[in-house]
Amino acid sequence: MNKAIYPGSFDPVTYGHIDIIKRASHIFDELIVAVLVNKGKSSLFSIEERVKMLEELFADLPNVKVASYEGLLVDFAVENNAKVIVRGLRAVTDFEYELQMAQTNNVLRNEVDTIFLITKLEYAYLSSSTVKEVASYGGDISKFVPENIAELTYEKYKKGNTK
Ligand code: ADP
């Protein structure tokens, strides 16, 4: 079985992530979307909220599983019998960081490789941070995220409920 992991913060998940998940789910037998617990990064949504959003979005794709993890990504990959990490590449600005991470992970666990999917042109500008910034000012995020996620995002800012 050809298993891959797509790790990220998904705070919140955007159409860019959704596109990568759909494409990767066609390439691999099973894709685990892993929400990372990043202690150094403050987030808008809790890990549980992000897992729930992703589970609901991909309920109709049986080979997509959602999980959260804390610790080293390569350990999580090995524990789950996944030999491939999938990452999305938007622009050259992503490249240097992604290259370093992929090489580090490969040194840590030689059996784990990273594969990059190039973002669709229409989502190349899109990031979770942009979504949050626009939403915090009440701007229109309907082109960035699905409707239910847009509502949840606005709610966070209405309540001043940021973590
Ligand atoms: P991280 O904090 O690990 O970068 P993100 O949730 O921001 O987590 O991104 C997860 C992965 O999705 C990364 O590989 C990132 O490059 C990719 N990604 C983010 N936005 C897009 C997009 N608009 N199109 C394609 N890939 C994207």
Side-chain angles (χ1 to χ4, degrees), residues 1-119 123 126-133 135 144-146 148-149 152-153 156 161-163:
M1 171 122 116
N2 203 354
K3 250 194 202 183
I5 295 191
Y6 178 44
S9 309
F10 308 108
D11 186 43
V13 58
T14 68
Y15 282 129
H17 299 126
I18 293 171
D19 174 58
I20 299 285
I21 293 169
K22 285 189 181 153
R23 285 158 61 196
S25 77
H26 294 138
I27 300 171
F28 299 98
D29 298 321
E30 187 178 318
L31 181 73
I32 305 174
V33 180
V35 181
L36 57 92
V37 179
N38 188 341
K39 289 191 199 113
K41 216 171 165 183
S42 68
S43 58
L44 182 63
F45 290 99
S46 70
I47 294 286
E48 294 73 24
E49 287 170 322
R50 284 179 263 163
V51 166
K52 191 164 169 251
M53 280 182 212
L54 286 158
E55 278 173 348
E56 284 174 5
L57 270 176
F58 298 103
D60 59 340
L61 287 183
N63 69 333
V64 174
K65 308 265 182 300
V66 183
S68 60
Y69 79 91
E70 191 167 2
L72 276 181
L73 178 58
V74 280
D75 290 342
F76 181 79
V78 171
E79 274 162 33
N80 283 279
N81 260 324
K83 297 220 165 16
V84 177
I85 294 169
V86 174
R87 295 285 287 174
L89 270 188
R90 282 165 294 190
V92 263
T93 41
D94 280 342
F95 182 76
E96 215 165 316
Y97 170 71
E98 292 293 341
L99 176 75
Q100 189 185 20
M101 224 168 42
Q103 288 172 333
T104 307
N105 284 335
N106 190 248
V107 169
L108 290 172
R109 288 284 191 165
N110 189 358
E111 68 270 41
V112 179
D113 265 309
T114 304
I115 282 182
F116 296 98
L117 291 182
I118 304 296
T119 184
Y123 305 128
L126 190 50
S127 71
S128 299
S129 340
T130 311
V131 172
K132 287 182 274 195
E133 186 159 6
F144 310 154
V145 299
N148 60 324
I149 292 178
L152 293 169
T153 308
K156 288 276 180 192
N161 194 10
T162 51
K163 278 185 57 222

Legend entry - ring pair (Phe, Tyr, Trp, His ring centres under 6.0 Å) against Phe28, all qualifying residues, sequence neighbours excluded: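 Checked Phe28 against ring pair (Phe, Tyr, Trp, His ring centres under 6.0 Å); zero matches.
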Legend entry - With sequence neighbours excluded, residues passing ring pair (Phe, Tyr, Trp, His ring centres under 6.0 Å) with Phe10: Tyr6, His17
Could you check if a side-chain atom of [X] sits within less than 4.5 angstrom of a side-chain atom of [Y], using non-hydrogen atoms only?
X	Y	value
Thr153	Phe45	yes
Phe116	Asp94	no
Leu57	Ile149	yes

How far apart are the closest heavy atoms of [X] and [Y], and which atoms are they?
X	Y	value
Val35	Ser9	CG1-O, 4.0 Å
Val78	Val112	CG2-CG2, 4.1 Å
Ser68	Ile47	CB-CG2, 3.5 Å
Pro146	Tyr15	CA-OH, 3.4 Å
Lys22	Leu61	CG-CD1, 4.3 Å
Ala77	Ile5	CA-CD1, 3.5 Å

Legend entry - Glu55 atom CD, over 12 foreign heavy atoms within 6.0 Å: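 More than 12 heavy atoms, drawn from other residues, nucleotides or ligands, come within 6.0 Å of this atom.
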Legend entry - Glu96 atom CD, neighbour heavy-atom count above 12 within 6.0 Å: no
Legend entry - Name of the residue among Ile115, Leu117, Thr114 meeting side chain to side chain contact (heavy atoms under 4.5 Å, CB included) with Arg87: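 Result for side chain to side chain contact (heavy atoms under 4.5 Å, CB included) with Arg87: Thr114.
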Could you give the distance from [atom1] ([X]) to [atom2] ([Y]), rounded to the nearest 0.5 Å?
X	Y	atom1	atom2	value
Phe76	Glu79	CZ	CD	7.5 Å
Asn2	Ile27	CG	CD1	10.0 Å
Phe58	Ile21	CZ	CD1	3.5 Å
Ile118	Arg23	CD1	CZ	8.5 Å

Inset, instruction - Could you please spell out the steps behind the side chain to side chain contact (heavy atoms under 4.5 Å, CB included) verdict for Val64 and Val33? - result: CA-CA 7 Å; Val64 174; Val33 180; 3.8 Å; yes
Is [X] reaching over with its side chain to a backbone N or O of [Y], donor-acceptor style, under 3.5 angstrom?
X	Y	answer
Asp113	Ile85	no
Lys132	Asp11	yes
Asn63	Ser25	yes
Arg90	Leu126	yes
Lys3	Asn80	yes
Arg109	Asp75	no

Legend entry - Candidate pair Arg50 and Ser43, rule side-chain hydrogen bond (donor to acceptor under 3.5 Å, both in side chains), full reasoning: CA-CA 10 Å; Arg50 284 179 263 163; Ser43 58; 3.3 Å; yes
Inset, instruction - Answer yes when Glu56 and Lys52 have at least one side-chain N-carboxylate O distance shorter than 4.0 Å, and no when they do not. - result: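 Salt bridge between Glu56 and Lys52, a charged N being under 4.0 Å from a carboxylate O: yes.
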